[in-house]
Amino acid sequence: MQRIDIQGQRFGRLVVLSEAGRKGRKVAWLCQCDCGKTTRTTGTLLRTGQSKSCGCTHGGHNATHRMTGSRLYGTWKNMLNRTTNPNTKGYTYYGGRGITVCERWRKFENFYADMGPTFRDGLSLDRIDSNGNYEPANCRWVDLPEQNRNKRSNVHLTLHGHTLIMSAWAEKLGIPYSRLAYRVSKGWPHERALTEGVAPERVAATLEELEQKTDER
């Protein structure tokens, strides 16, 4: 019987992370539950709906924190999805480049204990170091404008040996920032993203200016 690849798919509260050997004659899969725990089950049990969670819903899991429908819980769930589920929008920029959630925060109650006291509506979860992981020492709540500023200042692009933040390149080359950000989000190589549609003379003048600044240091 042909093996069915279900990695990255969701079944109830479970997201399939990877193949995990066999259970009897069937392929086993390692799954991440929304509660933060992992479990090992078969594809057959997942596809037929017999495996929908790690077992946390048996015995009143929702009664543990009574926040399953809250925005804070949704933030935690989205954090896990974008770092573990390849089918989640934005996975490329999180799990796809090695960003992980610390072991402690794989359980909602721990995330709530660490971040709940400072949370209020209108704030978003932000990593202080955009290349770092989701963990207490690297996370804070910020409003959306602040988060956007942080993202802009942390995106660096390199052209002919010169590295600047995205907003600086946009200003120097006369490219709308939104257009440049879109190109980068689609995985364009830096040179193409920074030069397509830009007059060669402007690119050359910008690089010459940067070379002069380098020589003056």
Side-chain angles (χ1 to χ4, degrees), residues 6-20 29-40 53-54 56 61 64-65 67-158 163-167 181-182 184-190 193:
I6 58 174
Q7 183 173 337
Q9 295 185 32
R10 172 176 284 276
F11 299 88
R13 294 172 59 84
L14 298 175
V15 174
V16 182
L17 299 179
S18 63
E19 191 173 327
W29 297 89
L30 180 67
C31 302
Q32 174 89 51
C33 184
D34 284 349
C35 74
K37 295 181 180 179
T38 56
T39 188
R40 186 169 166 269
S53 73
C54 68
C56 60
H61 164 75
T64 301
H65 51 72
M67 296 188 68
T68 302
S70 70
R71 186 168 178 272
L72 189 61
Y73 184 86
T75 297
W76 171 79
K77 187 174 177 179
N78 289 337
M79 172 184 71
L80 287 180
N81 281 339
R82 62 176 169 256
T83 55
T84 62
N85 184 359
N87 292 330
T88 297
K89 181 179 179 180
Y91 173 82
T92 301
Y93 306 107
Y94 295 91
R97 65 186 188 93
I99 303 300
T100 62
V101 176
C102 68
E103 187 65 30
R104 173 175 169 78
W105 280 6
R106 290 180 178 271
K107 185 175 181 181
F108 174 73
E109 287 81 356
N110 292 334
F111 175 77
Y112 177 75
D114 293 338
M115 301 299 293
T118 56
F119 172 76
R120 70 176 187 273
D121 286 339
L123 298 181
S124 298
L125 186 64
D126 178 64
R127 283 169 299 127
I128 299 169
D129 176 3
S130 65
N131 294 314
N133 298 321
Y134 285 99
E135 55 190 358
N138 193 43
C139 288
R140 60 184 176 179
W141 298 110
V142 298
D143 58 22
L144 188 58
E146 177 66 21
Q147 189 173 49
N148 287 337
R149 284 193 293 271
N150 292 340
K151 288 180 180 178
R152 177 176 296 192
S153 65
N154 284 317
V155 178
H156 291 78
L157 304 177
T158 300
T163 301
L164 300 173
I165 59 176
M166 189 188 301
S167 57
Y182 175 80
V184 173
S185 73
K186 292 300 181 181
W188 286 28
H190 290 186

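Predicted, not measured: the structure shown is a model, and the values here were computed from it.
The side-chain contact (heavy atoms from CB on, under 4.5 Å) test applied to P136 returns C102, W105, D114, not counting sequence neighbours. For K77, the salt bridge (Lys or Arg N to Asp or Glu O under 4.0 Å) criterion is met by D34, not counting sequence neighbours. Residues forming a ring pair (Phe, Tyr, Trp, His ring centres under 6.0 Å) with W141 (at least two apart in sequence, or on another chain): F119. Every residue was checked against the side chain to side chain donor-acceptor pair (under 3.5 Å) condition with N138, not counting sequence neighbours, and none meets it. Listed by chain and residue number, nothing satisfies the side chain to side chain donor-acceptor pair (under 3.5 Å) test with S185 (two or more places apart in sequence, or in another chain). Remark: T92 engages no residue in a side-chain contact (heavy atoms from CB on, under 4.5 Å) (not counting sequence neighbours). Annotation: side chain to side chain donor-acceptor pair (under 3.5 Å) contacts of T38 (sequence neighbours excluded): none. Residues satisfying the side-chain contact (heavy atoms from CB on, under 4.5 Å) test with T39, not counting sequence neighbours, are L14, C31, C54. Legend: residues meeting side-chain contact (heavy atoms from CB on, under 4.5 Å) with N85, ordered by chain and number and at least two apart, are V15, N87, T88. Applying the side chain to side chain donor-acceptor pair (under 3.5 Å) criterion to R97, with sequence neighbours excluded, gives N131.
The minimum heavy-atom distance between R127 and G132, with the atom names listed, is NH1-O, 3.0 Å.
Note that the SG atom of C33 and the NZ atom of K107 stand 12.0 Å from one another [nearest 0.5 Å]. Summarising the geometry, atom CD belonging to E103 is positioned 10.0 Å from atom CG belonging to N110; distances are rounded to the nearest 0.5 Å. Going from atom OH of Y94 over to atom CG of N133 covers 13.0 Å, rounded to the nearest 0.5 Å.
Using a 4.5 Å cut-off on side-chain heavy atoms (C-beta onward), Q32 and R106 make contact. Inter-residue side-chain proximity for T118 and R140 is flagged as unmet; no heavy-atom pair is nearer than 4.5 Å. At a threshold of 4.5 Å between non-hydrogen side-chain atoms, the residues F111 and L125 count as touching. T84 places a side-chain heavy atom less than 4.5 Å from the side chain of L17. By the 4.5 Å heavy-atom criterion applied to side chains, V184 and M166 are counted as neighbours.
No side-chain donor-acceptor contact under 3.5 Å links H190 to the backbone of L157. Remark: the backbone N or O of A20 is paired with a side-chain donor or acceptor of R40 at under 3.5 angstrom.
Atom OH of Y93 has more than 12 neighbouring heavy atoms from other residues, nucleotides or ligands inside a 6.0 Å radius.
When only modelled atom types and interatomic distance are considered, Y134 and R82 share a side-chain donor-acceptor pair under 3.5 Å.
Ring geometry, W76 versus F108: the interplanar angle exceeds 60°, so the pair is classed perpendicular (tilted spans 30 to 60°).
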Query raised in the report: So N81 and R10, side chain to side chain contact (heavy atoms under 4.5 Å, CB included) or not? Walk me through it.
Result: CA-CA 10 Å; N81 281 339; R10 172 176 284 276; 3.0 Å; yes
